[in-house]
2 protein chains.
Amino acid sequence: MQKIIYLHYKFDSMFSQSEENYLKAIYHLGITSVNGVSTNAIAKKLSTKASSVTDMIKKLADKNVLIYKKYQGVKLTEEGKKTAALIVRKHRLWEVFLVEKLNFNWDEVHDVAEQLEHIKSSKLINEIDALLGFPKFDPHGDPIPDTNGNLHLIEKKLLSTLHINETGICIGVKDSSASFLQFLDKQQIALGQEVEVLEKEDFDDSMTIKINDKKMTVSNKIANNLYIQKQ
Amino acid sequence: MQKIIYLHYKFDSMFSQSEENYLKAIYHLGITSVNGVSTNAIAKKLSTKASSVTDMIKKLADKNVLIYKKYQGVKLTEEGKKTAALIVRKHRLWEVFLVEKLNFNWDEVHDVAEQLEHIKSSKLINEIDALLGFPKFDPHGDPIPDTNGNLHLIEKKLLSTLHINETGICIGVKDSSASFLQFLDKQQIALGQEVEVLEKEDFDDSMTIKINDKKMTVSNKIANNLYIQKQ
DNA sequence: AATATTTTTTAGACAAGACTAAAAATGTTT
DNA sequence: AAACATTTTTAGTCTTGTCTAAAAAATATT
């Protein structure tokens, strides 16, 4: 008599930290494009070499989280998308936790969340979610995928695309580098504030806006990195 | 003209996850003995092979966190002790966090804390410490080292060493395996409860105690794993 | 003190993940 | 379509951390 043992491979997660980082990078890169994600794009995103990427995507293809045809780039499978989304979920929930509960500023959370996102415990992340009151967005305005990896996309435009007299609410940043976030802090620009476009300068694409009841001029680079929800 | 670059190796931590696990194991094993910690003891603690241990302790000796002489076992240096103590600090603070803030039971925290203890961010752990109100003990009654790695030892005895009519307070467990902790839960024995020894049985070293105003008989195995603070 | 046993170390191998350099495929020009 | 440029892959190497098997040292036993 022999007992059959069912291996529950999907118990929590079967991916190494490195594999998770690749999945997340491909997920982020693939979200915009309909085509496959190129080896070089992945290498650039992860600050690694194309040859290392080729090695890893072969491994991930064997694990059925992505489709790989030589020289054709890669595409995540449904399983791959879900796995990646759940890592993103963890990352963003930890960011909210750090800001809401531990007095981190929004420019300090990234590196720590980058580590915390790899902690394997579904109870842990669900309890964090509950502790925070099931937030739907992280401190940079990015949406938090639900427990199934689905995310509720919200309509948003870059500030730079608004026309004169249009108004909206500042709901996110495209560039979430510490330097940009610190710049916004200095200018007292924060998410949730109301914005109105007063003037646009053709010469350098700068624009004059009223934000938080203060009038100010922002460069195109700034306007290109602030997401606005149209009212 | 050449700029001199000072490398701040001590920034946060220069140890790999594996190195940290070895340091912690040696720290725990060395706390009791005055002699060095043997290769085999480390291998057993980490469920690895003696040959792997030899490799690693050579590397750690090169990094000046321990003293190693062939066939003589190892001893942590002051730097090694501090490094290890700070990992233990993180582990125990995370355990408190999980129990106090995330509804974990004391028998569920170990594996998750084992992962969380490797997160590198001094701000993170200090904020967790503050959020918890600077606790001095973890959920199993073990002391939490301070930011310098020092720990305040408290006088405690095993329940098994108490004599008839002696009383005390249950303040910790020696064995913190899930099965022992679940057993205590079932018996409604918890830290903080008052204990009085009513009877001791010479035959099997079991003892009858009054705990939490309930009379019960506990085996020697139990009494050997419960720490009592004498009143 | 000699032998047996246990512990520890060495030597060599392996897997994961990264790298360099060169080859192959694809894309772009003219 | 041929030549050039870019991207991607392959082949081989390296590091970290692990392992097995065998050798060496320390400890225990007779």
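No hydrogens, no waters, no symmetry mates; every other heavy atom, side chains included, goes into these values. By convention in this document, chain letters (A, B, ...) are assigned in the order of the sequence lines, proteins followed by strands, and residues within each chain are numbered from 1.
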Is there a side-chain contact between S52(B) and the phosphate of dC19(D), meaning an N or O under 4.0 Å from OP1 or OP2?
yes

Phosphate OP1/OP2 of dT7(D): any T39(A) side-chain N/O under 4.0 Å
no

If you look at every strand shown and take non-hydrogen atoms under 4.0 Å, does K44(B) touch a base, only sugar-phosphate, or nothing?
nothing

When you check the phosphate oxygens OP1 and OP2 of dT7(C), does a side-chain N or O of S38(B) lie under 4.0 Å from one of them?
no

Is there a side-chain contact between T54(B) and the phosphate of dT10(C), meaning an N or O under 4.0 Å from OP1 or OP2?
no

Answer yes if the side chains of H118(A) and N21(A) hold a donor-acceptor pair under 3.5 Å, and no otherwise.
yes

In whole angstrom, give the distance that lies between atom NZ of K58(B) and atom C1' of dA11(C).
10 Å

Residues which pass side chain to side chain donor-acceptor pair (under 3.5 Å) with D175(A), listed by chain and number, not counting sequence neighbours
S177(A)

Does a salt bridge link K81(A) with E78(A), judged by any charged N lying under 4.0 Å from a carboxylate O?
yes

In this structure, how many angstroms lie between the P atom of dA23(C) and the OH atom of Y71(A), rounded?
13 Å

K49(A) side chain, from C-beta outward: closest of dT8(D), dT8(C), dT20(C):
dT20(C)

Whichever of K70(A) and S47(A) has its nearest DNA chain C nucleotide further upstream toward 5':
S47(A)

Measure CE/M56(B) against P/dC19(D) and give the value in whole Å, please.
11 Å

Could you check how far CG of D55(B) sits from P of dC19(D), rounded to whole Å?
10 Å

Looking at every strand, decide which applies to S51(B) at a 4.0 Å heavy-atom threshold: base, sugar-phosphate, or nothing.
base

S38(A)-N40(A) side chain donor-acceptor pair, cut-off 3.5 Å
no

Could you give the OH-to-C1' distance, from Y68(A) to dT10(D), as a whole number of Å?
10 Å

May I have the distance from N35(B) (atom CG) to dT8(C) (atom P), rounded to whole angstrom?
13 Å

Would you say N40(B) reaches dT6(C)'s phosphate, i.e. side-chain N/O to OP1/OP2 under 4.0 Å?
no

Below 4.5 Å, heavy atoms only, C-beta onward: do Y22(A) and L66(A) meet side chain to side chain?
no

Measure CD/Q72(A) against C1'/dT9(D) and give the value in whole Å, please.
13 Å

Take atom CG of D62(B) and atom P of dT15(D), then tell me their distance rounded to the nearest Å.
15 Å

